[in-house]
Amino acid sequence: MLNPELMSLENQVFRCYLGWSAILILKIFAAGIYTGLMRFFTATFANPEDLMSPKLKVKFDDPNVERVRRAHRNDLENILPFFAIGLLYVLTDPAAFLAINLFRAVGIARIVHTLVYAVVVVPQPSRALAFFVALGATVYMALQVIASAAF
């Protein structure tokens, strides 16, 4: 039976999950805005109606815009699963210390991933380390959810 207190603001694990989820949603929005700004600053527009001058052409190959787009896509591929698994993990009633630090690890690692990938490009393994920290924490939570499920 599901304990209704697990999805209550009285539950510090649930509150932490909500907080980091909100931060990561804002981060996804920021990445989209940053993509638009990069398009504007580099005059790299993907649609004819976006061209600000008849002299401009539709372009898809600006390396700076593409780097930001890849970082944004990577967020969508990795943060969205965290939302689902994180909530399911909360429902397993995990130890607060571990759960809170897993949520922090995912949030901070995803922010660092974007910073070293699209904002201030830092050589590898910085991006890979940030990626695998978040992935590892999310996979751990998924495995804990599976272990808690009664098949």
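Of all heavy-atom pairs between Val68 and Ala31, the closest is CG1-O, 4.1 Å. Closest approach of Ala142 and Ile85 over heavy atoms only: N-CG2, 3.5 Å. Closest of all the heavy-atom pairs between Ala99 and Pro94 is CB-CG, 3.6 Å. When every heavy atom of Val13 is checked against every heavy atom of Ala96, the shortest pair comes out as CG2-CA, 3.5 Å. The shortest non-hydrogen separation linking Ala130 to Val112 is CB-CG1, 4.0 Å.
The shortest distance between side-chain heavy atoms of Tyr17 and Asn11 does not fall below 4.5 Å. Using a 4.5 Å heavy-atom cutoff, the side chains of Leu24 and Phe82 are in contact. Side-chain contact check for Ile111 versus Ile23: some heavy-atom pair is nearer than 4.5 Å. Between Phe103 and Val90 the shortest side-chain heavy-atom distance falls below 4.5 Å. For the pair Val120 and Leu115, the minimum side-chain heavy-atom distance is 4.5 Å or more. Annotation: side chain of Asp62 is not in contact with side chain of Phe45 (no heavy-atom distance under 4.5 Å). Residues Met38 and Thr44 have side chains not in contact (no heavy-atom distance under 4.5 Å, counting atoms from C-beta outward).
The number of heavy atoms from other shown groups lying within 6.0 Å of CD (Gln124) is above 12. Under a cut-off of 6.0 angstrom, the local environment of CZ in Arg127 is crowded, with over 12 non-hydrogen atoms contributed by other residues, nucleotides or ligands. Open room surrounds CZ on Phe40; 12 or fewer heavy atoms of other groups in view lie less than 6.0 Å from it. When the shell of 6.0 Å around CD of Glu77 is examined, it contains more than 12 heavy atoms from other residues, nucleotides or ligands.
Taken from CD1 in Ile28 to CD1 in Ile33, the straight-line distance is 12.5 Å, to the nearest 0.5 Å. Between the CZ atom of Arg67 and the OH atom of Tyr34 there is a distance of 10.0 Å, given to the nearest 0.5 Å. The structure places OG of Ser8 at 8.5 Å from CZ of Arg15, a figure rounded to the nearest 0.5 Å. Within the model, atoms OG1 of Thr92 and CG of Leu87 stand 10.5 Å from one another, a figure rounded to the nearest 0.5 Å. Leu18 contributes atom CG, which lies 8.0 Å from atom CE of Met7 (distance to the nearest 0.5 angstrom).
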Trace of the side-chain contact (heavy atoms from CB on, under 4.5 Å) decision for Phe41 with Asn64:
CA-CA 10 Å; Phe41 291 136; Asn64 296 314; over 6 Å; no

Step-by-step side-chain contact (heavy atoms from CB on, under 4.5 Å) determination, Leu102 to Tyr89
CA-CA 10 Å; Leu102 286 168; Tyr89 184 61; 3.6 Å; yes

Between Ile25 and Ile79, is a side-chain contact (heavy atoms from CB on, under 4.5 Å) present by the stated rule, with each step listed?
CA-CA 8 Å; Ile25 287 169; Ile79 293 174; over 6 Å; no

Where do Arg110 and Asp75 land on the side-chain contact (heavy atoms from CB on, under 4.5 Å) test, with the steps shown first?
CA-CA 7 Å; Arg110 291 309 310 171; Asp75 277 348; 2.8 Å; yes

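Ile108 and Val106 fall within the same hydrophobic cluster, defined by Ile, Leu, Val, Met, Phe, Trp and Tyr side-chain heavy atoms under 4.5 Å apart, directly or through other members. Under the 4.5 Å side-chain contact rule for hydrophobic residues, Leu129 and Val121 do not share a cluster. Hydrophobic clustering (side-chain heavy atoms under 4.5 Å, transitive across Ile, Leu, Val, Met, Phe, Trp, Tyr) keeps Val133 apart from Val122. No single ILVMFWY cluster, assembled from side-chain heavy atoms under 4.5 Å apart, contains both Leu91 and Phe97. In terms of hydrophobic clustering, with Ile, Leu, Val, Met, Phe, Trp and Tyr side chains grouped at heavy-atom distances under 4.5 Å, Leu98 and Met141 are assigned to a common cluster.
Listed by first and then second residue, the side-chain hydrogen bond (donor to acceptor under 3.5 Å, both in side chains) pairs involving residues 132-148 amount to none (not counting sequence neighbours).
Looking at residues two or more places apart in sequence or on another chain, you find a ring pair (Phe, Tyr, Trp, His ring centres under 6.0 Å) between Tyr117 and His113.
The pair Glu66-Arg70 fails the salt-bridge criterion, with no side-chain N (NZ, NE, NH1 or NH2) lying under 4.0 Å from an Asp/Glu carboxylate O.
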